[in-house]
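All remarks here apply to the structure that follows.
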Amino acid sequence: MPLLLYLIVFSGILVFLLYSAIVFYSEGAKRALVITLLIASAVLAMLVLPVLIPWNEHRSVIILITMGALVVVFILNPKQNGLSWPPLQQTDERTTMFSRKELAPESEAHQQYYSHHPQHLQADKLFRSKPGLLHAQAAFYHPFGFRAAEAAFSVVKTLVPLVQGRPSGEPTHFSPSENTRFVINWTKKLGALEAGIAPMKPYHFYSHKGRGAQYGERINNNHPYGIAFTVEMAHQFLNSAPHTPIVMESAQQYLDAGSIAIQLAVFIRSCGYEATAHIDGNYEVVCPLVAKDAGLGELGRMGLLMTPRQGPRVRIAVVTTNMPLIPNKPFHDPTLTHFCRICKKCAACCPGQAIPSDHPTPLNGRIRWQINQEACYTYWCLSGTDCGRCMQVCPFSHPDNLLHNLIRFAIRHSMLFRLAAAKLDDLFYGAKPAAKSLPEWLPQKNRTIGLSDKGQ
Ligand code: SF4
Ligand code: SF4
């Protein structure tokens, strides 16, 4: 009987490894494939061992007990402290890089901003000395890729007139749970990956507008609910970050998220309620904060939303409204941030050296990580893309399939696995995995000026 159990256990492990090898092959992850096949060979040897050498039941029992003990240690999952939540202060959108980049030198807004924030002047001179996002002189300029991204951003701009509007007619009188059920399911039907409702708090909103015609105006949005949703960034495009495909995919997902948000806002207004869409270039809210409180994910080391199945490989949009809705519970999973404390891969691979590699620190009265937004944006202006290298290398970004979902599950449910997983990811994919080559259909004319592909 112990021998039969031994054979069943090792056969199961072998089948799983062969399945993993197929997944790695389909992903083009050659290094992971070779390592998996080597481990599978060792397991196969264990499987045939009872045939090759004199075997007795004691051996099976000892091996099975050892494996059982490992499983017990494996499932230990003491709770670790997460980061402080919620934030204590509102963010002024004018201090973000997306606002600062729009300050024309010599303009009144430029003078005013830097007289209030002289500490930003030097850092901003540096990014202004680089070619700029989607610029033809940028390092990863691609004549098709940059124009494709630019086209998507241009279409996003055409959505702006629909961001706000008046409700039409009398409000519909469905119950909050009926409203919620419809809104969540319809948002997903329109293309969102996940959607949730957050009860809006002051820290979700920027204090002042930092972009567009309302620059400098105080934000007075009193909508009680925020519908946050994610759209997926294609893994194939992320793989070649920080090269051109990343900005093509980012722009496309900003457009997809924007059109879903606009459609949802127009729908809600037609039901007689107020609704504002928060889309690329037109935010009154800090989307990752709303998404966390809508139950969609946790904030990780790189400052992005970490979702359970796609990690940071998502874009977010939000619709705020006074339609009666039922909020989700905020997402709170300290195991994700505990893994970030161990992993640090994004920090090690960031070409702009913008991600902290130490433990979270007190900032504005809260314990958290904060990336160096100036260093990150300066790299964008050098590369011409929105980089995304941190997203690409994150162990949570691997494709949404059984193998990687099992690994993500194990990371969240086993402290031992968390301790091992970051090293295993380095072993299988490389500590600084090289950017994958561009899709075949994109002409291979990527100019580089002094930046190597490997390790960036
Ligand atoms: S790469 Fe590692 S440290 Fe960075 S966000 Fe992902 S899990 Fe956290
Ligand atoms: S986008 Fe690039 S430069 Fe910015 S934090 Fe991520 S890896 Fe660093």
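Numbering of ligands and ligand atoms starts at 1, following listing order. What's counted below: heavy atoms across the whole structure, side chains too, no hydrogens, waters or symmetry copies.
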(Q) Within 2.8 Å of atom 6 (Fe) of ligand 1, is there any N, O or S atom belonging to C394? (A)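 Yes, within the cut-off.
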
[X]: numbered ligand 2 atoms lying under 4.0 Å from its heavy atoms:
| X | answer |
| --- | --- |
| P351 | 7 (S) |
| C387 | 1 (S), 2 (Fe), 3 (S), 7 (S) |
| I355 | 5 (S) |
| W380 | 1 (S), 4 (Fe) |
| G388 | 1 (S) |

Close-contact set for ligand 1 against F339 heavy atoms, below 4.0 Å:
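By the 4.0 Å cutoff, the relevant atoms are 7 (S).
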
- Task: Using a strict 4.0 Å cut-off to heavy atoms of R301, name the atoms of ligand 1 that fall inside it.
- Result: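 Taking each heavy atom of R301 in turn, ligand 1 has 3 (S) under 4.0 Å.
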
How far is [atom] from its nearest protein heavy atom, and which residue and atom name does that atom have?
| atom | value |
| --- | --- |
| atom 8 (Fe) of ligand 1 | C340 SG, 2.3 Å |
| atom 4 (Fe) of ligand 2 | C376 SG, 2.4 Å |
| atom 3 (S) of ligand 1 | K344 N, 3.3 Å |
| atom 5 (S) of ligand 1 | M302 CE, 3.4 Å |
| atom 2 (Fe) of ligand 1 | C343 SG, 2.3 Å |
| atom 1 (S) of ligand 1 | C346 N, 3.4 Å |

Side-chain H-bond candidate by donor/acceptor type, [X] with [Y], under 3.5 Å:
| X | Y | value |
| --- | --- | --- |
| D124 | Y377 | no |
| H120 | Y113 | yes |
| H235 | D400 | no |
| H204 | E284 | no |

* K292 side-chain N/O to F331 backbone N/O, donor-acceptor pair under 3.5 Å ->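 Yes; at least one donor-acceptor contact below 3.5 Å.
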
### Query
According to the interplanar angle, ranging from 0 to 90°, do the rings of F24 and Y429 count as parallel (below 30°), tilted (30 to 60°) or perpendicular (above 60°)?
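The arrangement is perpendicular - the two ring planes meet at more than 60°.
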
- Task: Evaluate the ring planes of Y254 and F153, with Trp represented by its six-membered ring, and classify them as parallel (under 30°), tilted (30 to 60°) or perpendicular (over 60°).
- Result: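 Taking F153 first and then Y254, their aromatic rings sit tilted (interplane angle of 30° to 60°).
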
For this session: Please check if atom NE2 in H116 has more than 12 non-hydrogen atoms from other residues, nucleotides or ligands closer than 6.0 Å.
Result: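 At most 12 heavy atoms, drawn from other residues, nucleotides or ligands, come within 6.0 Å of this atom.
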
Heteroatom test (N, O or S) for C390 near atom 6 (Fe) of ligand 2, limit 2.8 Å: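 Looking at C390, which is the residue asked about, there is an N, O or S atom under 2.8 Å from atom 6 (Fe) of ligand 2.
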
| message | Under 2.8 Å from atom 8 (Fe) of ligand 2 - does any N, O or S atom of C350 fall there? | response |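 It does: C350 brings an N, O or S atom closer than 2.8 Å to atom 8 (Fe) of ligand 2.
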
